[in-house]
Amino acid sequence: MAQTTIAENLLRVNQRIAAATNRAGRRAEEITLIGVSKTHPAEAIREAFDAGLRDFGENRVQEWEGKRASIAELPATWHLIGHLQSNKAAKAANLFHSIDAVDDFALAQKLDRAPSTLSGGRTLRILIEVHIGGEATKSGVSEDNLPALVGQVAALGHLDFAGLMCIPPYLENPDEVRPYFARLRTLRDQLESQLLRKLPVLSMGMSHDFEAAILEGATEVRVGTALFGTRASAQ
Ligand SMILES: *Cc1c(COP(=O)(O)O)cnc(C)c1O
């Protein structure tokens with residue numbers, strides 16, 4: 001297969017997003033594309049930024065700390081999409097605009113108390129990761145514990161709790177992942193009734209299944225391989 005550039009890949013992913021939103025009767029502007037740049041160098045992030053990408057996802061605090069120096073000034077939105085240990089919460093709050101995989105209250109409390117100095121004190125956004133699919137290898141709060149956690153997190157004063165995130169099982173046929181995405185949307189709808197307010201964000205869908213996620217209501221898709229190419233190490 002011929003090597004494609006990041007700009008070409010971005011064009012292709014945006015076309016796929018447009019086709020999926022079209023099929024779903026939605027508008028492409030409803031979807032935020034998060035480029036998952038983990039394992040890829042800072043130059044790849046700059047290349048994607050120059051091609052028009054504005055949201056980036058990293059899954060490790062330390063990796064992002066090590067490579068952000070030359071690109072941190074870019075007016076992009078930086079997401080932490082991987083599991084965060086609470087001892088790194090204060091650090092993460094200063095390195096990312098959004099913590100997309102919060103799954104316990106102690107962590108949320110630490111994030112709430114952490115001074116966020118990034119981009120003029122913009123409120124730190126968080127998403128709660130739901131453990132959907134029951135796989136032992138994945139993190140996230142269980143569906144049973146979700147309503148209680150959401151009640152606690154919504155009461156914290158300094159966080160923008162915006163919605164839910166999930167990583168469903170990998171299934172060869174993306175259509176078979178749709179029930180998991182539909183489940184996250186249902187849970188979100190129930191929580192909106194519980195909180196009597198909107199939770200606008202559903203972060204779901206990766207390179208091979210983001211069309212299915214868009215059909216089920218995703219507002220953010222996290223795409224790595226289709227933009228930056230295959231990763232050398234499995235993470
Ligand atoms: C790596 C990763 C992605 C991107 O996966 P691709 O299959 O490369 O698109 C999305 N979300 C999370 C949480 C990830 O860790």
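Each ligand, and each atom within it, is numbered from 1 in the order the structure gives.
- For Val223, every heavy-atom contact with ligand 1 shorter than 4.0 Å involves the backbone, none the side chain.
- With sequence neighbours left out, Glu211 forms a side chain to side chain contact (heavy atoms under 4.5 Å, CB included) with Arg16, Ala20.
- In the hydrophobic clustering, where aliphatic and aromatic side chains (Ile, Leu, Val, Met, Phe, Trp, Tyr) are joined below 4.5 Å either directly or transitively, Ile167 groups with Leu127, Met165, Val201, Met206.
- Taking a cutoff of 4.0 Å between a charged side-chain nitrogen and a carboxylate oxygen, Arg68 and Glu58 do not qualify as a salt bridge.
- Only side-chain heavy atoms of Arg231 come within less than 4.0 Å of ligand 1; its backbone N, CA, C and O stay farther off.
- No side-chain donor-acceptor contact under 3.5 Å links Arg125 to the backbone of Ala162.
- Using a 4.0 Å cut-off to heavy atoms of Thr225, the atoms of ligand 1 that qualify are 6 (P), 7 (O), 8 (O), 9 (O).
- Listed by number with element, the atoms of ligand 1 under 4.0 Å from a non-hydrogen atom of Ile167 are 13 (C).
- Between atom 2 (C) of ligand 1 and the options Arg222, Lys38, Met206, the minimum heavy-atom separation is to Lys38.
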Legend entry - side chain to side chain contact (heavy atoms under 4.5 Å, CB included) between Glu8 and Thr5, worked out: CA-CA 5 Å; Glu8 287 166 342; Thr5 65; 3.3 Å; yes
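- Each of the atoms 11 (N), 12 (C), 13 (C), 14 (C) of ligand 1 lies under 4.0 Å from some heavy atom of Ile81.
- Taking the six-membered ring where the residue is Trp, the centroids of Trp78 and Phe56 are separated by under 6.0 Å.
- Remark: ligand 1 and Ala226 share no N or O pair separated by less than 3.5 Å (distance only, no angle test).
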